[in-house]
S.K.: 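The structure follows.
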2 protein chains.
Amino acid sequence: MSNAREQILQTTCALLEKQGYHGTGLNEIIKESGSPKGSLYYYFPEGKEQITAEAVLQSGGQTAERIRQGLTESSNAAKAVSDFILNIAEHVERSGFAAGSPLTAVAMETATTSTRINAACHEAYQMLKSAFHDKLIECGYSKTKADELATFIVSAIEGGIILSRTSHTADPLRLVAKQLKVLLAS
Amino acid sequence: MSNAREQILQTTCALLEKQGYHGTGLNEIIKESGSPKGSLYYYFPEGKEQITAEAVLQSGGQTAERIRQGLTESSNAAKAVSDFILNIAEHVERSGFAAGSPLTAVAMETATTSTRINAACHEAYQMLKSAFHDKLIECGYSKTKADELATFIVSAIEGGIILSRTSHTADPLRLVAKQLKVLLAS
DNA sequence: GACTTTATATAGACCAGTCGTTATAATAAT
DNA sequence: ATTATTATAACGACTGGTCTATATAAAGTC
């Protein structure tokens, strides 16, 4: 409904992605989103924690959706997962290594310092896991096997994003794509 | 030689691990390390960036050393890597999920906002990769294969740490250990 | 050996600026 | 007229960084 609210969340997402929770200031959010401070506290009366938690959850939902869509395009799980990761690799590259998972930094910064944000990150990761999990089930994997693989896939992707952004090359992500493809094909 | 300098770096490491770069303040570092601000700027005249870069590099060197030591205890690469990861899992668990890789958060926060810290993170990750790489070479892998596997191993571990800290269970890390063991055994 | 000079290191007050947050006033929409 | 939203100003707390004062120790000079 409200444009300003959505704009704030979207801007927050981008900033969290680039510089994490503590590195992102409310002043920066309002400047970049164009919304004034009054509006920010009108829509998010509980302040920074609330904005962050909602941004994280929204981003998790959107990413999970993208995973599901990408996976429907191919009936082959190995190729589907690999393609999805190659997509991320391009995205990270195109952003000049400023983007790639708004969750990672936030999750690490707040794992033991904000129960609310931690819960949001946990739920967001569960959404990603579920998206992969469901596709694997669909491809005939057992429930426990699908669960294990989904966690492993998310782990490898997260790590790949970190290494890619740090090294300023998408190669680590592409390598993760390749390795997971082999693993899932076997 | 100097005790205070070392103490500052060690404290910084622990705080970076727990709450990242922007979440860690100089006042917190001096309070926790016992050194006054005068000493901090005496040993690190270039301020927070310098302290962080040095802490990251030191931590990378120490972790790489631990990897090499752990790997010499077993001639079997698969078991050696798995055991190392299980060690991390215990460490993360014991810390109440506050510890586990001082690099991750810092690397993501500063990938495009501080060339100095980014360079330090990059070098630290290279050290970890090299440690695994050398062991894989020793076990008969080809140079390119060893390089690919080393990157993949580091990726999976980093991701496992994130998921473990976020979910407050060491299970993801243990799962990563198991999967990599299978992968390396084949 | 006594005395001065130079480095090493500790200690903390202080600065301008920013943080997240609150309060209040003005405006727009219904 | 009532509510929804925007617009600022101000708050106290804290930020990274600078500055000066002091203590300790090493080295140089006679």
Side-chain angles (χ1 to χ4, degrees), chain A residues 1-56 102 105-106 109-110 112-118 120-121, chain B residues 1-56 102 105-106 109-110 112-118 120-121:
Chain A
M1 222 48 35
S2 164
N3 204 342
R5 193 180 205 281
E6 200 50 42
Q7 190 63 39
I8 289 172
L9 280 181
Q10 214 170 304
T11 306
T12 303
C13 243
L15 291 173
L16 290 178
E17 206 162 348
K18 188 179 158 208
Q19 54 205 13
Y21 177 64
H22 290 108
T24 300
L26 295 187
N27 293 326
E28 205 177 354
I29 294 175
I30 64 171
K31 197 171 73 181
E32 202 121 329
S33 72
S35 305
K37 207 170 249 193
S39 303
L40 187 145
Y41 273 96
Y42 174 75
Y43 292 112
F44 306 93
E46 287 145 68
K48 195 182 182 184
E49 276 206 331
Q50 184 188 1
I51 300 178
T52 306
E54 289 199 28
V56 160
V106 177
E109 286 175 274
T110 63
T112 58
T113 55
S114 162
T115 58
R116 178 172 191 173
I117 300 178
N118 174 56
C121 290
Chain B
M1 221 42 40
S2 165
N3 204 341
R5 193 179 205 280
E6 201 50 43
Q7 189 63 42
I8 288 172
L9 280 181
Q10 215 170 302
T11 306
T12 302
C13 241
L15 291 174
L16 290 177
E17 206 163 348
K18 188 181 158 207
Q19 53 204 14
Y21 176 64
H22 290 109
T24 300
L26 295 186
N27 292 325
E28 203 177 354
I29 294 175
I30 65 173
K31 197 171 73 180
E32 203 122 328
S33 71
S35 304
K37 205 169 250 189
S39 302
L40 187 146
Y41 273 95
Y42 174 74
Y43 292 112
F44 307 93
E46 287 146 68
K48 196 183 181 183
E49 277 206 332
Q50 185 188 1
I51 301 178
T52 306
E54 289 200 27
V56 159
V106 177
E109 286 175 274
T110 63
T112 58
T113 55
S114 163
T115 58
R116 178 172 192 175
I117 300 178
N118 173 55
C121 289

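What you are looking at is a predicted structure, and each value in this text was computed from that prediction instead of being measured. What you see below is based on every heavy atom in this structure, not just the backbone, and it leaves out hydrogens, waters and symmetry mates. Labels below follow one simple rule: chain letters A, B, ... track the order of the sequence lines, proteins then strands, and each chain is numbered from 1.
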S.K.: With axes from five pairs an end, tell me the bend angle of the helix from C:dG1-D:dC30 to C:dT24-D:dA7, nearest 10°.
M.R.: 10°
S.K.: B:Glu6 has an atom CD; how far is it from atom C1' of C:dA9, in whole Å?
M.R.: 16 Å
S.K.: Output the distance between atom CD1 (B:Ile29) and atom CD (B:Gln10), rounded to the nearest 0.5 Å.
M.R.: 13.0 Å
S.K.: Hey, what are the protein-to-nucleotides 11-14 of chain C N/O distances that come in under 3.5 Å?
M.R.:
{"from": "C:dG12", "atom 1": "O6", "to": "B:Gly38", "atom 2": "N", "distance (Å)": "3.3"}

S.K.: NZ of B:Lys48 versus C1' of C:dG17: gap in Å, rounded?
M.R.: 15 Å
S.K.: Taking only side-chain N and O atoms of A:Tyr43, does any of them lie within less than 4.0 angstrom of OP1 or OP2 on D:dA4?
M.R.: no
S.K.: What integer distance in Å separates B:Arg5:CZ from C:dT8:C1'?
M.R.: 14 Å
S.K.: Would you say a side-chain N or O of A:Asn27 is under 4.0 Å from OP1 or OP2 of C:dC19?
M.R.: yes
S.K.: Starting at CD1 of B:Ile29 and ending at P of D:dG17, how long is that distance when rounded to a whole Å?
M.R.: 10 Å
S.K.: Would you mind reading off the distance between B:Lys31 atom NZ and D:dG16 atom P, rounded to a whole angstrom?
M.R.: 13 Å
S.K.: Sequence neighbours left out, what passes side-chain hydrogen bond (donor to acceptor under 3.5 Å, both in side chains) with B:Lys37? Give chain and number order.
M.R.: B:Asn27
S.K.: Would you check if B:Thr52 and B:Lys48 make a side-chain contact, meaning some heavy-atom pair closer than 4.5 Å?
M.R.: yes
S.K.: Under the side-chain hydrogen bond (donor to acceptor under 3.5 Å, both in side chains) rule, what do A:Gln7 and A:Ser35 come out as? Steps first, then yes or no, please.
M.R.: CA-CA 8 Å; A:Gln7 190 63 39; A:Ser35 305; over 6 Å; no
S.K.: Among all residues two or more places apart in sequence or in another chain, which pass the side-chain hydrogen bond (donor to acceptor under 3.5 Å, both in side chains) test with A:Gln19?
M.R.: A:Glu28
S.K.: Counting just side-chain N and O atoms, does A:Tyr41 come under 4.0 Å of either OP1 or OP2 of C:dG20?
M.R.: no
S.K.: What is the distance, rounded to the nearest whole Å, between atom CD1 of B:Ile51 and atom C1' of D:dG17?
M.R.: 11 Å
S.K.: Taking only residues two or more places apart in sequence or in another chain, which ones pass side-chain hydrogen bond (donor to acceptor under 3.5 Å, both in side chains) with B:Glu32?
M.R.: none
S.K.: Check DNA chain D against residues 13-26 of chain B and give the residues with a non-hydrogen atom under 4.0 Å, in numerical order.
M.R.: B:Thr24, B:Gly25, B:Leu26
